[in-house]
Amino acid sequence: MGAGADRTERIRGWSLAAPPFVFALSLLAIPICTIMLFSFWTQDFLTLDRNLTLANYAEIATDPLYRQLLVRSILIAAGVTLATVLLAYPVAYFVSFHVPQERKSLWLFLITIPFWTSYLIRVFLWKVILGFNGVLNSALLGLGVIDEPLGWVLYNPTAVVITLAHSFAPFAILPIYVVLERIDRSLLEAGRDLGETRVTTFLRVTLPLSVPGIVAAVLIVFIPTIGDYVTPRLVGGPDGLMIANMIQTQFLRLNNAPMGAALSVVAMASVGFVAAIFTLALSRWLRAPR
Amino acid sequence: MKETAQRRPIVQMQGIDKRFDDDLILRGIDLEIGEGEFFSLLGPSGCGKTTLLRTIAGFETPSAGRLILDGRDMAGVPANHRPTNMVFQSYAIFPHLNVADNVGFGLRRDPRNAQDKARAVAEALEMVGLAGYGRRSATALSGGQRQRVALARALILKPRVLLLDEPMSALDKKLRETMQAELRRLQRQVGITFILVTHDQEEALIMSDRVAVMFDGRIAQMAPPRELYLRPASRQVAQFIGFMSFLPAQVSGAEVDVAGLGRAGVEPGQAPGGLHDGQADIGIRPEMLSLVEDAPRPGQRLSEGVVTEVEYYGDMSYYDIVLDGAAQPVVVSMKNLPGGVAAELGDRVKVSWDASSLMVFPPRS
Amino acid sequence: MILRVYVLAYMVFLYAPIVLLPLFAFNDGTVIAFPLQGFTTRWFAELPQTPALVQSVRTSAIIAVSAALLSTILGICAARASARYDFSGKRAVLGFVMLPLVLPEIIIAVSLLVVVLALGLQLTAFTVILGHTLICMPFSIAILNGSFSALDRSLEEAAVDLGETRASSFRRVTLPLIAPGIVASLLIAFTISLDEFIIAFFLTGTNPTLPVYLWGQLRFPAKLPVVMALGTILVLSSVLLLCLAEWARRRGVARTGRMDGGFLG
């Protein structure tokens, strides 16, 4: 009762939603369309050739450098996603099930604080921590765990994964936490009542019910990870560079915007494709009779 | 209590329709509410009663029909210019203001000076029994106190009509009973027309001069509580207000032949759908039947049956009794008086009744 | 028990970089490594004597304030439309404006850059403001959604019923009640913009923002201790702003009497 959709209501709603919508449309949708258009043009030194061509895409498809970068980016992003979500799940579970109600928002606040603090400096500090003379190595040496510094922790994809797992931690914890909070606690008691142990109740009740949160976490970590170029540049070394670094190089160093645009489109398409496959496969698997 | 016909009409509705998308929420509402009347809109949830109230307040615009308040057509008059004020279901107490600022909220455009306004607020608070509460925080009030603040806030503006949207639904049973009595007292004191929306039939009967029962966007019956209870206009109204047992019957002329009760003469007033020869359903309230040990008093009739269920309520007991010759039971209510008549499950009992308490309805198709 | 230890370890992992930062900022040595060399405040003293740094702070402040204001205003529109009105396409429209939250920042950055190039415009602070407003807007909307949806709809109706117009009831009732949300949104958007690097790097004009300036400094090992000092100040001010924002948000929650999760919850 009451909250019906009047015509005047509809008009008021639309006129309120219009400013942010138009803003997002003109600064997001139109630019993305433009970048697609750009990707079909070519750059000839200083002049922009506006003839539509697939030349950029052909180059991306044939040049092993691009292919290697793209595959590596997706693998690193997948690794980051896996690590972030695996590491985050127990934390989300802990906050939802073991922290008293009145302290939950304090915990969430504590978890989000590092995320809000200077991104560049945070990434740089991981370089300090993981470096040859870094905090980790000195600590391990000091404790006598190792005899000489570990060289393999910095300037490689592992370092990128560790650093990005740190950066995206709240993006993984929060969606999982939200879903865990919605689980009716009596379902768990029902599970125990029906003869399951704590562990099997978790596996048969809690985990399946938290799948939507895991999916959200996976998507929200995987998609933006592709776009990071600070982390690969600072801690990745030559083998840790990703597609975003190449996009940046094309735009700002080589002054080849059309090639950069084509790479952006390919990166977006690959991410979208992988994300779609993941979501589809998972929903197929969830609906399958077991 | 003045008769309705003598009151000056303050709310007049003519053919009001309200459409939301494709749903017709109100269908051709015609009604007239008099000055100083305590009027209730009663019905199950979704029947359109709240929409009707919000239409009077000006929060909904009717899709068709005319609404006249205090002699003025309300078409195009926004809510803030109507001579009505409202007590919301949630009470809508402003959480950022204290009690006095809540009560004085509507006085901003009042030409009086600050002192007079403060006095008016104090008087309004006293009227609702919250004298001295002005400086309290609005968020620290109990449910009953919030309702009083909402009442004071609306009444201080001296509206011609006070609209109350299910004001008791958030209160527990005991407090609800107190507030019902108090609201009735307040209404008599200020003499303002009150329109109450409720889904609680008991509340509507207790408080109102007149009640409109609504189903599915239509007014099914509009009458004083006594008439509503004793002479319901339809089986639906009868079942919504109180309890009624039904028995199949045959009508011929002004006589009905009821399964389990036998033949009885009825007046036209007992048959809201008219007396038509053939099948009908007879309705009877539980308190119109009584268990007796001896022969009935003059004018009373006697039937016999078997007790199939007993429900004990402390002061009352309800018996399901299948009368001889009937297929379904009737419900009989009895006060549990010391030395009074009582029965056990399976007992054979005598039931007395009066032909004038029967209602005749068209048969359920 | 194992879970508790794990969560503790995870929190150490989360906070390790932030905790290390002041250690190096006050370390009397030019190399960012252990062992520490002794206490000094000279890196902090060098900060105000670097004109380029002061200039970048000023640029960043202007950009962050503008982006915070713009994204909060747009956020109020979207959140109110979402909480108060029903209209066709509502879900699609409101989903679309949240999209910058999940898009890779580099895509947003390069696509805006391409439009600026295509239109033949100059890269200025204004282009950065537009980009930052775009990525701050989803956060503003999320915070303000919380404020608006906690608001009892009949409060505004009550104000109108008591004689206020639609506009004045918004001012007298709605605005005071969502004020904590507005403050939280302004602070969060300010923090995001102040800290954002990727978009600023692509869209900044002749005056670099603070993170872009920092990025340049990271290449010179001699400048690193100063960067650590600057980072310490940045982290401290971010934490302060966040605590303020959280305090404002909770006050709003306490006022309207609803419980909720957090900024992103």
| message | As an exercise: rank Ser88(C), Ser111(C), Ala81(C) by heavy-atom pairs under 4.5 Å with chain A and give me the winner. | response | Ser111(C)
| So which of Leu103(C), Val116(C), Leu130(C), Ile73(C) has the biggest tally of heavy-atom pairs under 4.5 Å with chain A? | Leu130(C)
| request: Heavy atoms only, distances under 4.5 angstrom: which of Leu230(C), Leu117(C), Val110(C), Leu234(C) has the most pairs with chain A? Name it, please. | output: Val110(C)
| field | Heavy-atom side-chain contact between Ile111(A) and Met11(C) under 4.5 Å | value | yes
| task | Let me know if Ser82(C) has heavy atoms under 4.5 Å from chain A in its side chain, its backbone, both or neither. | result | neither
| request: Determine whether more than 12 heavy atoms belonging to other residues, nucleotides or ligands lie under 6.0 Å from atom CG of Leu119(C). | output: yes
| request: Using non-hydrogen atoms and a 4.5 Å limit, figure out which bit of Trp126(A) sits close to chain C: side chain, backbone, both or neither. | output: side chain
| remark: Cut-off 4.5 Å, heavy atoms of chain A, and the answer for Ile108(C) is side chain
| Which of Val97(C), Leu94(C), Leu3(C) touches chain A most, by non-hydrogen pairs under 4.5 Å | Leu3(C)
| remark: Honestly, the part of Tyr10(C) sitting under 4.5 Å from a heavy atom of chain A is side chain
| query | With no hydrogens and no angle check, is any side-chain donor or acceptor of Tyr6(C) less than 3.5 Å from a backbone partner on Leu87(A)? | reply | yes
| task | Side chain from CB out, backbone as N, CA, C, O: work out which of these in Leu224(C) comes under 4.5 Å of a heavy atom of chain A, or both, or neither. | result | side chain
| Top residue by heavy-atom pair count (under 4.5 Å) with chain A, among Thr191(C), Val93(C), Ile18(C)? | Val93(C)
| Toward chain C, the part of Leu263(A) with a non-hydrogen atom under 4.5 Å | neither
| message | With side-chain contact (heavy atoms from CB on, under 4.5 Å) as the criterion, how do Phe109(A) and Leu242(C) come out once you've worked through the C-alpha distance, each side chain's angles and the decisive distance to 0.1 Å? | response | CA-CA 9 Å; Phe109(A) 184 57; Leu242(C) 291 169; 4.2 Å; yes
| query | Is it the side chain or the backbone of Tyr93(A) that comes within 4.5 Å of chain C heavy atoms, both, or neither? | reply | side chain
| Arg166(C) portion near chain A, given a 4.5 angstrom heavy-atom threshold | side chain
| Pairs of heavy atoms under 4.5 Å with chain C: top-ranked of Ile129(A), Ile220(A), Leu219(A) | Ile129(A)
| Part of Leu194(C) within contact of chain A (heavy atom distance under 4.5 Å) | neither
| Tell me, do Pro17(C) and His166(A) make a side-chain contact under 4.5 Å, heavy atoms counted? | yes
| query | Hey, what do you get for CZ (Arg10(A)) to CG (Asp86(C)), rounding to the nearest 0.5 Å? | reply | 8.5 Å
| query | What part of Phe124(A) gets closer than 4.5 Å to chain C, counting heavy atoms only: side chain, backbone, both or neither? | reply | side chain
| query | Between atom CE of Met137(C) and atom CZ of Phe23(A), what is the distance when rounded to the nearest 0.5 Å? | reply | 6.0 Å
| From Phe96(C) atom CZ to Leu25(A) atom CG, the distance as rounded to the nearest 0.5 Å | 5.0 Å
| Is there a side-chain contact between Leu21(C) and Arg122(A), using heavy atoms and a 4.5 Å cut-off? | no
| request: Answer with side chain, backbone, both or neither: which region of Val128(A) has an atom nearer than 4.5 Å to a non-hydrogen atom of chain C? | output: side chain
| task | Answer yes or no: is there a side-chain heavy-atom contact under 4.5 Å between Tyr85(C) and Thr8(A)? | result | no
| field | Side-chain ion pair, Lys90(C) and Glu9(A), N-O less than 4.0 Å | value | no
| request: To the nearest 0.5 Å, tell me how far Ser118(A) OG sits from Leu214(C) CG. | output: 6.0 Å
| chain C heavy atoms under 4.5 Å from Phe38(A): which part of the residue, side chain, backbone, both or neither? | side chain
| task | Side chain from CB out, backbone as N, CA, C, O: work out which of these in Leu134(C) comes under 4.5 Å of a heavy atom of chain A, or both, or neither. | result | both
| query | Does any non-hydrogen side-chain atom of Ile223(A) lie less than 4.5 Å from one of Pro104(C)? | reply | yes
| query | Would you call Ile113(A) and Leu14(C) a side-chain contact if the rule is heavy atoms closer than 4.5 Å? | reply | no
| field | Heavy-atom contact with chain C under 4.5 Å, split by part of Leu252(A) | value | side chain
| So which of Val91(A), Asp228(A), Leu120(A) has the largest heavy-atom pair count under 4.5 angstrom toward chain C? | Leu120(A)
| said: With rounding to the nearest 0.5 angstrom, report the CG to CD1 distance, Leu113(C) to Ile35(A). | reply: 8.5 Å
| request: Would you mind checking which part of Ile121(A) comes under 4.5 Å of any heavy atom in chain C, side chain (CB onward), backbone (N, CA, C, O), both or neither? | output: side chain
| query | Just wondering, do Ile162(A) and Phe13(C) contact through their side chains at under 4.5 Å, heavy atoms? | reply | yes
| task | Examine whether an atom of Phe251(A) lies under 4.5 Å from a heavy atom of chain C, and if so say whether it belongs to the side chain, the backbone or both; otherwise answer neither. | result | side chain
| Rounded to the nearest 0.5 Å, how far apart are CD1 of Ile106(C) and CD1 of Ile247(A)? | 5.0 Å
| task | Measure distances from Leu37(A) to the heavy atoms of chain C and classify the residue's part below 4.5 Å as side chain, backbone, both or neither. | result | neither
| note | Greatest number of non-hydrogen atom pairs under 4.5 angstrom with chain A, of Thr133(C), Val239(C), Leu236(C), Leu210(C), falls to Thr133(C)
| said: Counting only non-hydrogen atoms closer than 4.5 Å, does Leu234(A) touch chain C with its backbone (N, CA, C, O), its side chain (CB onward), both, or neither? | reply: side chain
| query | Under a 4.5 Å heavy-atom cutoff, which of Val221(A), Ile32(A), Leu28(A) has the most pairs with chain C? | reply | Leu28(A)
| Stepwise side-chain contact (heavy atoms from CB on, under 4.5 Å) test for Val230(A) and Trp215(C) | CA-CA 9 Å; Val230(A) 173; Trp215(C) 175 253; 3.8 Å; yes
| field | Ala88(A), part contacting chain C, at a heavy-atom distance under 4.5 Å | value | both
| said: Students often mix this up, so state it plainly: with edges at 30° and 60°, are the rings of Phe197(C) and Tyr229(A) parallel, tilted or perpendicular? | reply: tilted
| remark: Under 4.5 Å to a heavy atom of chain C? For Trp107(A) that would be side chain
| task | Heavy-atom distances under 4.5 Å only: say whether Gln248(A) touches chain C with side chain, backbone, both or neither. | result | both
